[in-house]
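Step one of this worksheet: look at the structure below.
So that the names make sense, note that chain A is the first sequence line, chain B the second, and so on, each numbered from 1. These numbers come from the heavy atoms of this one structure, side chains and all, not from hydrogens, waters or symmetry mates. In this text the structure is predicted, and so the values were computed from the model without any measurement.
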Amino acid sequence: MKDLLTIDQLGADGIREIMVTSDSFAEVCQRPIPKVPALRGKTVALMFFENSTRTRTSFETAAKRLSADIMNFSAASSSVNKGESLRDTVETIEAMGVDAVVVRHGSSGAPQQISRWAASSVINAGDGWHAHPTQALLDVYTIREEGRSFEGLHIAIVGDIAHSRVARSNIEAFRLLGAEVTVVAPPTLLPPHVEALGAKVSNDLDAVLNDTDVLYLLRMQHERMDQALVPSLGEYHRAFGLTPERARRLSDSALIMHPGPMNRGIEISPEVIDDPRVRVLNQVTNGVIVRMAVLYLVIGSAAADRAAS
Amino acid sequence: MSSQDASRSFRPSHLVIRGGVLIDETGERHADVRVDGGVIVEVGSSIEVPSAATVIDATGMIVAPGLVDLHAHLREPGGEEAETILTGARGAALGGFTAVVAMPNTSPAVDCPSVVRDVLALAEGAACEIVPAAAMTVDRAGSLLVPMGELAAMGVRVFTDDGNGVQDPSLMRRIMEYATGLSAVTGGAPVVLAQHCETDALSAGGHMNEGEWSTRLGIGGLPAESETLMMRRDIALARRTGAHIHFQHVSTAEGVAIVRAAKEEGLRITAEVTTHHFTLTDAACAEYDPVFKVQPPLRTADDVAAIRAGLADGTIDAIATDHAPHEPHTKEFPFDQASAGMLGLESALAVALSELDLPVADIIGLMSWKPARIAGIGDRHGRPIARDEPANLIVVDPNESWTISGADMASRSQNTPYEGRHVTGRVLHTIVFGEHVVDQGVSSR
């Protein structure tokens with residue numbers, strides 16, 4: 001695995017391998033000094049063409065716990081705004097000597113394109129509406145940590161499916177592991193030909209709630225209102241938000257997840273955020289663990305490939 | 001522009017094309033052709049070769065009228081790093097075109113007589129006739145009419161804001177009305193309004209066909225209705241005004257059906273399709289390679305099938321290239337930021353011959369005499385191969401296989417979507433107003 005670009009590329013076995021590796025890094029993170037020399041001497045470039053404090057911090061922490069050196073690149077302070085092509089930007093960063101680039105980009109497909117030009121490993125930290133594989137992996141880890149089997153598990157993903165890279169990667173991951181995924185949204189927040197994603201579709205959260213083992217809420221972007229995709233955040237909350245009434249109808253063993261940052265009062269009522277079934281902070285903790293595993297496997301296998309050739 | 005103006009800069013050769021199969025609008029036959037002084041002087045079997053004449057051995061080959069492209073972006077003035085009129089024309093001649101309609105989306109736009117004169121001056125020495133199309137609106141901005149009368153008086157017959165559809169229906173109605181009143185300045189010749197059908201409000205944020213692939217890839221979609229809504233509007237307005245509307249690069253199954261119905265109704269509607277829209281689908285975008293980004297976008301297999309059916313039953317009048325050169329780095333941006341468009345001039349005939357299940361004569365008709373008439377140059381291109389006709393001819397080896405490669409092209413750009421594709425059928429000779437411009441696949445201009 002030179003690169004991690006999508007979940008489909010991993011397949012079920014690839015996901016499981018990352019889960020097993022993550023278990024050992026979870027143990028590392030419990031130590032008084034949560035640091036191992038696994039990637040000492042390796043350089044990881046964090047190329048964030050789109051701002052994301054959470055994902056960047058998570059990757060940065062993961063890389064530091066593996067003793068890698070970190071190079072930070074952000075679009076705001078770069079030549080990207082001066083019309084430099086993506087290829088030129090990537091070749092410039094590579095010329096400084098890096099082993100892996102972690103790419104967050106507002107345009108779908110940018111990590112794929114970069115992987116064609118880059119000799120170093122490319123890890124997709126979220127591209128446009130397309131994919132966010134490490135988010136899906138940390139979500140799988142979080143559900144797996146509860147001792148749940150994915151086989152036959154009912155997972156509902158609620159919200160702006162059309163513009164969500166998290167939805168696309170999570171549908172892929174959950175389905176590869178045998179779960180049944182339903183996307184729940186008003187038709188305006190579903191992509192055209194939504195069936196291409198392989199999930200069941202509902203416009204009625206109340207109809208799927210009783211049968212849901214994992215309720216996965218997506219962040220509602222405020223700009224969707226300007227595009228007339230929903231009439232108002234209030235109407236969205238009433239129809240698709242996790243209210244205390246809906247939380248009561250959710251089974252006791254259900255999990256409530258959200259990739260963050262949460263809009264209190266929109267996707268989820270403030271009263272529900274402290275519900276014991278909410279796993280949002282576990283997701284954040286597991287993000288570091290899973291990203292350690294990804295960095296370790298990707299950079300390690302690239303080094304092994306180079307040694308073999 | 002008259003035939004005389006167009007032929008002025010070509011240096012007539014004395015040629016005998018021997019042993020080929022002639023294919024033109026009148027049919028197919030074995031004959032030799034002698035060309036001298038820019039015209040065809042003799043057609044017959046085993047004609048004598050004068051000592052001054054050069055012989056082209058066309059045994060086993062097709063001799064046909066030169067091709068006419070209704071839709072090419074030659075980028076000059078303003079975009080010379082991607083293409084110039086001379087490099088574009090060279091590629092055109094190598095691809096078998098003896099005339100190319102140059103789109104007006106240059107910088108400055110071709111929207112007034114002086115820019116038309118610039119384009120014609122830049123075309124001096126070009127390897128084929130360059131036919132400037134003019135914009136319909138000033139700077140293609142969709143608000144003010146260009147001086148259509150003056151431009152028509154100079155010989156402009158094709159008006160288009162290509163790249164932009166005219167969004168305002170009231171303005172489009174005025175353009176159509178005005179265009180129908182120009183026969184006094186054109187000497188009765190018709191002008192055509194070529195529309196790039198795209199309803200901007202529906203395509204906002206779109207970069208590829210809206211469908212299963214755009215959903216999987218997470219790229220904003222361009223729905224078919226963006227094209228068909230404007231087609232329906234223009235048909236309604238054409239019905240009222242009687243203007244001749246030509247639909248550029250029809251890309252959807254519904255678009256083909258709309259053209260078919262309009263023709264049945266007897267409206268003056270013509271339509272072109274591009275080679276890429278009947279050979280490639282949106283699945284080509286799966287790896288996010290912007291070389292497959294184009295406007296209108298590559299659609300679905302159903303659309304491809306409908307376009308092929310439309311070519312077969314005569315609904316579609318012409319195959320055009322929408323040749324759109326782009327500098328390499330502009331395709332090295334993320335898909336949604338990369339420039340849209342692909343090369344076509346040097347590959348169009350070979351791709352059409354290789355991919356379409358149609359008689360060769362039909363394919364040549366779609367690329368020669370039919371577009372020639374739409375462009376208003378039917379007096380000199382796409383003519384029957386007969387005595388006294390202008391010598392705009394090609395010799396094609398229908399059996400030669402070759403591999404398409406952007407690096408091998410005459411174009412200044414390399415953005416062919418057919419890189420590495422094996423095709424059959426190669427233009428070996430192109431004769432423009434009697435000049436032997438392409439000889440054995442090599443251009444002398």
Quick check: does any side chain N or O of B:K293 sit under 3.5 Å from a backbone N or O of B:A338, one acting as donor and the other as acceptor?
yes

Assess the pair B:F292 and B:F335: is the distance between their ring centroids shorter than 6.0 Å?
no

Measure centre to centre between the rings of A:H130 and B:Y288, then say whether the value is under 6.0 Å.
yes

A:R87, part contacting chain B, at a heavy-atom distance under 4.5 Å:
both

Interface moiety of A:R165 toward chain B, non-hydrogen atoms closer than 4.5 Å
neither

With chain B, which of A:A162, A:G106, A:S107 has the greatest number of heavy-atom pairs at distances under 4.5 Å?
A:S107

Do you know which of A:H105, A:Q113, A:Q112 has the most heavy-atom pairs with chain B at a distance under 4.5 angstrom?
A:Q113

Any Lys/Arg nitrogen of A:E172 or A:R168 sitting under 4.0 Å from an Asp/Glu carboxylate oxygen of the other?
no

